[in-house]
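Since this is a predicted model, take the numbers as computed values, not measurements. Every number for a ligand or one of its atoms is a count from 1 in the order of the listing.
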Amino acid sequence: MSNQTAESIQNSFSGKDILSLSQFDKPSIQTVFQRTAEIKKQFQSHSFTNTLQNTLSALLFFEPSSRTFSSFAAAIKRQGGQTLEFQNPGQTSSTVKGETLEDTARVMENYAECIIMRHPDVGSVDRVARAVDVPVLNAGDGAGEHPTQALMDLFTIQEKTGTLNGITGVFAGDLLYGRTVHSLLKGFSLYEQVTIYLLAPDRLQVEQSMIEELTSKGMTVHTIASTEDIPSDCVFWYWTRVQKERFEDQNEYEQLKHAYILTQELVTKRAGTDTLLMHPLPRVGEIAIEVDNDPRALYLNTQIKNGMYTRMALLNLILNR
Ligand code: NCD
């Protein structure tokens with residue numbers, strides 16, 4: 001997995017890169033949560049603050065994105081900051097002329113206080129972070145990590161249940177290529193008595209080395225292959241999309257894409273009365289539309305809102321606002 005060399009946060013965020021959940025310890029996560037909760041409260045009572053005024057953040061997205069891109073842009077603009085936006089710079093910027101990632105980023109750091117970047121290659125965001133002095137935030141590096149998504153998901157679960165200790169949850173879908181899953185599992189490994197069920201076809205199961213790392217930190221991990229094996233007392237279900245863009249063989253993708261579908265019938269059969277139904281989005285058929293109106297479904301509302309607030313909190317902490 002990527003990002004092994006990223007600097008620990010240790011509750012001091014100013015000027016730091018956010019590349020991986022492995023940079024975090026519990027107190028640092030708590031600091032993000034505290035700031036997120038404060039900002040959420042302010043926004044809900046319409047008392048807006050312009051703490052990101054006079055900052056410019058470069059959004060460099062070399063891979064398609066609607067949610068993460070707009071979530072960061074909204075987080076920045078809603079607090080009075082500005083953005084320099086590059087979507088698909090692979091087609092529209094000097095990278096077409098053969099410019100290296102490092103050079104593109106070095107130019108950007110002359111304009112911007114921070115760089116928020118998504119790229120299809122694992123480790124590419126780390127490379128950029130090493131090349132520039134401004135803080136770099138990983139908005140997804142291939143099948144590597146997606147730390148800001150994990151922080152918002154942890155915040156959502158903690159907000160709903162009051163704790164991240166003693167939790168039992170399910171991850172389903174593409175656990176091999178799903179970067180949100182990798183970051184979120186690393187986050188959970190910091191907490192006590194966490195039991196995780198990994199529901200995936202063999203081909204898309206979490207890598208054995210990662211399972212070993214998680215269990216060595218005290219997490220109880222069960223790999224399962226059938227929805228029948230989902231226990232009835234789960235705090236959350238975290239469903240994910242099979243990552244089409246990571247497959248060389250599209251026939252294989254077609255065979256695996258709907259290995260597990262979250263339907264109302266399954267919810268009725270196996271979810272608890274308070275089980276949180278989560279998904280990082282986009283979904284492409286793995287959650288039936290009928291589930292959207294279930295009050296336990298958080299993917300189209302709470303998760304999205306909390307994503308913006310969490311990114312606001314992180315940017316304020318990193319930019320020392
Ligand atoms: C995820 C991603 O890009 O990794 N989406 C997101 O950022 N919310 C999940 C996915 O694309 O399946």
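- Of the protein's non-hydrogen atoms, Arg241 NH2, 2.8 Å is the one closest to atom 11 (O) of ligand 1.
- Of the polar atoms of Gln149, at least one N or O is found under 3.5 Å from an N or O of ligand 1, judged by distance alone.
- Ligand-side atoms of ligand 1 in range of Gln243: 10 (C), 12 (O), range being under 4.0 angstrom from any heavy atom.
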Exercise. Phe86 and Phe69: ring pair (Phe, Tyr, Trp, His ring centres under 6.0 Å), yes or no, with the steps?
Worked result: CA-CA 10 Å; Phe86 289 91; Phe69 187 87; over 10 Å; no

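- In summary, the side chains of Arg296 and Thr275 do not present any donor paired with an acceptor at a separation below 3.5 Å, with no hydrogens or angles considered.
- For atom 8 (N) of ligand 1, the nearest non-hydrogen atom of the protein is Pro280 O, 2.9 Å.
- Ring orientation note: the planes of Trp239 and Trp237 are tilted relative to one another, at an angle of 30° to 60°.
- Side-chain contact of Asn11 with Thr31: a donor-acceptor pair under 3.5 Å is present, judged by distance alone.
- Applying the 4.0 Å criterion to heavy atoms of Thr180 picks out, from ligand 1, the atoms 1 (C), 4 (O).
- Applying side chain to side chain contact (heavy atoms under 4.5 Å, CB included) to Phe171 and the options Leu185, Thr240, Leu199, Val206 leaves one that passes, Leu185.
- When all heavy atoms of Ser57 and Ile116 are compared, the pair lying nearest together is CB-CD1, 4.2 Å.
- The contact set between ligand 1 and His146, taken as ligand atoms under 4.0 Å from a residue heavy atom, comprises 2 (C), 4 (O), 6 (C), 7 (O).
- Looking at ligand 1, you'll find an N or O of Arg118 within less than 3.5 Å of one of its N or O atoms.
- Listed by number with element, the atoms of ligand 1 under 4.0 angstrom from any heavy atom of Thr68 are 6 (C), 7 (O), 8 (N).
- In terms of protein heavy atoms, atom 5 (N) of ligand 1 is closest to Leu281 O, 2.8 Å.
- Distances between N or O atoms of Pro282 and those of ligand 1 include no value under 3.5 Å.
- Salt bridge status for Arg203 with Glu252: present, with a side-chain N to carboxylate O gap under 4.0 Å.
- Considering backbone and side-chain N/O atoms, Arg179 comes within less than 3.5 Å of an N/O atom of ligand 1.
- For Phe72 and Phe61, the distance between ring centers is not under 6.0 angstrom.
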